[in-house]
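Here the structure comes first, spelled out in structure tokens, and everything after it is commentary.
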Amino acid sequence: MSRLVVVSNRVADPRKTAAGGLAVALAEVLSNTGGLWFGWSGKVVEAADGGLPGEGEVHSHQAGPVKLVTVDLCREDHDAFYLGYSNGVLWPVFHYRLDLADFDAGYIAGYRRVNQLFARKLLPLLQPDDVLWIHDYHLIPLAAELRALGCTNRIGFFLHIPLPPPLILAAIPGHDWLVRGLCSYDLVGFQSSADHEHFCRYIEAEAGAQDLGEGRWRVFNRTLHAGAYPIGIDVEEFTALADAPEGREMHERMKKEYSRRKLLVGVDRLDYSKGLPQRMRAFRQLLTAYPETRNSATLIQIASPSREDVSAYSDILHELESLCGSINGNFGELDWMPVRYMHRTVARARLPGLYRASAVALVTPLRDGMNLVAKEFVVAQDPLDPGVLVLSRFAGAAEQLKDALLVNPYDAEATAAAIHLALVMPLEERRARHQTMLENCRRYDVHWWCDSFLGTLRQAQAEERGTPWLRL
Ligand code: ADQ
């Protein structure tokens, strides 16, 4: 089988537990083919003595059978590429937040420069029949940059975040350039059928693409495959974590601590897309509209620090802290705090225990590509006495986990009513809903995701060979 080369902004050492299911799953496929994982080292190099920084230095080391190769970025490139364009333009717009986007003209040049740097550093490492799998919004133009240097390998792309409807996408200055970049791949994968449909509508309307059927398109004089490949979790890995001593100990400790009360849990990166202030308002509404929940329900909200050097993130931090403070101030008792809010990351090994001890999970993003916390919560439950998932209809996961209690996170009253329903749901109904969701998580796990994406990519005929590659 041809070798797999994965490219993503960050590279994780798959041998470490903290790396998570995605790294473990990718590492498994990479190991089977003696593969290579390429990305940014996480290191930002300052220019010496105010001069221009040199080319990013390349580091290489072997992690078991997988070779990890990373490149440093200079300050200017990092700020324009990572903070500026990726997280100041693409992240907000792709999450439908045009109001938060900063279309500073300088960012796009930095974004392109780093993609060109990646292409230059990666190309010499490639073998002729390598299959390349590029991940996420940081690297949309990478295939086109590789093609410009003469690379003829098969290249697939997976977008981990949502793709907005055409008219939102079209608000990005240079959106046509970005979409041409997407169309340089042999296969483009999305998290949900809604995202896939947005892409199809865009290329039909804005680029005159012709539908060839079975996920194939003729666009910009070449053939492209596109489809929905919803990402899953590594169910076995997560179950093993739940059964490991740390997972069990966490579960027992939480059960004991909250034996008199029902526990609700939220686990997120602190990001405006995750709908944390809206969730707190819904919880406050629950305590107001259903007084019996006072003193009997506690919400543990873990929000790990994220992108703190992007300004929209410090705003959300203050808003959340102030909401949690006012809920605890208004409703708290001497022996009961309604909200326990922690601004930190929980060790991955402890997550299953926390999920399993919780009666309800609140996964209520305003917009999310998939949301793996929803799936992890389902998998961590005791099937005989499972907790209930309250899930935003705007998470990609809602297309799959239809037996969750689906909510509109902007509607505090309706969300509070759903949380109340979750808290009082009879055992039989909890079991039935959990069973179908668990089956879905098992069936569409991370291995299914890898296999189905790579299966299509490997099959995709290199129909473009011999004709010029699309140039940006
Ligand atoms: P993220 O937005 O980072 O990823 P998500 O899917 O919610 O989001 O979580 C990814 C992982 O991070 C999960 O394994 C989760 O357990 C862990 N995690 C989140 N918050 C944590 C915390 N506070 N402490 C410890 N661990 C935490 C992007 C997209 C998602 C998509 C993923 C994968 O935004 O929509 O599901 O990629 O494609």
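Both counts, for ligands and for their atoms, begin at 1 and track the order of listing.
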Quiz item: By number and element, which atoms of ligand 1 are closer than 4.0 Å to a non-hydrogen atom of Q191?
Solution: 31 (C), 38 (O)
Self-check item: Q116 CD: over 12 foreign heavy atoms closer than 6.0 Å
Solution: yes
Quiz prompt | Atom indices of ligand 1 within 4.0 angstrom of I302 heavy atoms, with elements | solution = 23 (N)
Exercise. Report, in ascending order of atom number, the atoms of ligand 1 lying under 4.0 Å from any heavy atom of L351.
Key: 16 (O), 26 (N)
Quiz item: So do the side chains of L405 and V388 get within less than 4.5 Å of each other, counting heavy atoms only?
Solution: yes
Quiz prompt | Whether W91 lies under 4.0 Å from ligand 1, heavy atom | solution = yes
Quiz item: Between the candidates V346, D368, D136, D271, which shows the shortest non-hydrogen contact distance to atom 25 (C) of ligand 1?
Solution: V346
Practice problem: Show which atoms of ligand 1 fall inside a sub-4.0 Å distance from at least one heavy-atom site of E376. | Solution: 13 (C), 14 (O), 15 (C), 16 (O)
Quiz prompt | Among Q435, R442, R443, side-chain hydrogen bond (donor to acceptor under 3.5 Å, both in side chains) partner for E439 | solution = Q435
Quiz item: Which one of N32, D130, T33 satisfies the side-chain hydrogen bond (donor to acceptor under 3.5 Å, both in side chains) criterion with R3?
Solution: D130
Quiz item: Does the gap between the ring centers of F157 and W133 come in under 6.0 Å?
Solution: no
Quiz item: Among R269, R350, K274, Q301, which one has a heavy atom closest to atom 8 (O) of ligand 1?
Solution: K274
Side-chain atoms of residues 394-401: list all donor-acceptor pairs with protein atoms under 3.5 Å, sequence neighbours left out, distances to 0.1 Å.
residue: E399; atom: OE1; partner: S193; partner atom: N; Å: 2.9
residue: E399; atom: OE1; partner: S193; partner atom: OG; Å: 3.0
residue: E399; atom: OE2; partner: S193; partner atom: N; Å: 3.3
residue: E399; atom: OE2; partner: S193; partner atom: OG; Å: 3.0
residue: E399; atom: OE2; partner: A194; partner atom: N; Å: 3.1
residue: Q400; atom: OE1; partner: K375; partner atom: NZ; Å: 2.5

Quiz item: Which of the numbered atoms in ligand 1 are below 4.0 angstrom from a heavy atom of R348?
Solution: 14 (O)
Practice problem: Classify the contact between D268 and ligand 1 as side chain, backbone, both or neither, using a heavy-atom distance cut-off of under 4.0 Å. | Solution: backbone
Quiz item: Going through the distances and angles, do W449 and F158 end up as a ring-ring contact (aromatic ring centres under 6.0 Å, His included)?
Solution: CA-CA 11 Å; W449 174 73; F158 184 77; 5.1 Å; yes
Practice problem: Using a strict 4.0 Å cut-off to heavy atoms of G369, name the atoms of ligand 1 that fall inside it. | Solution: 35 (O)
Quiz item: N/O of N371 under 3.5 Å from N/O of ligand 1, yes or no?
Solution: yes
Quiz item: Do you see a donor-acceptor pair shorter than 3.5 Å between the side chains of D403 and T436?
Solution: yes
Exercise. Could you go through the side-chain hydrogen bond (donor to acceptor under 3.5 Å, both in side chains) check for Y355 and E376 one step at a time?
Key: CA-CA 8 Å; Y355 292 145; E376 290 170 354; 3.0 Å; yes
Exercise. Go through ligand 1 atom by atom and flag the ones less than 4.0 Å from a non-hydrogen atom of L372.
Key: 5 (P), 6 (O), 7 (O), 33 (C), 36 (O)
Self-check item: Where ligand 1 meets I231 - atom numbers and elements under 4.0 angstrom, heavy-atom basis
Solution: 38 (O)
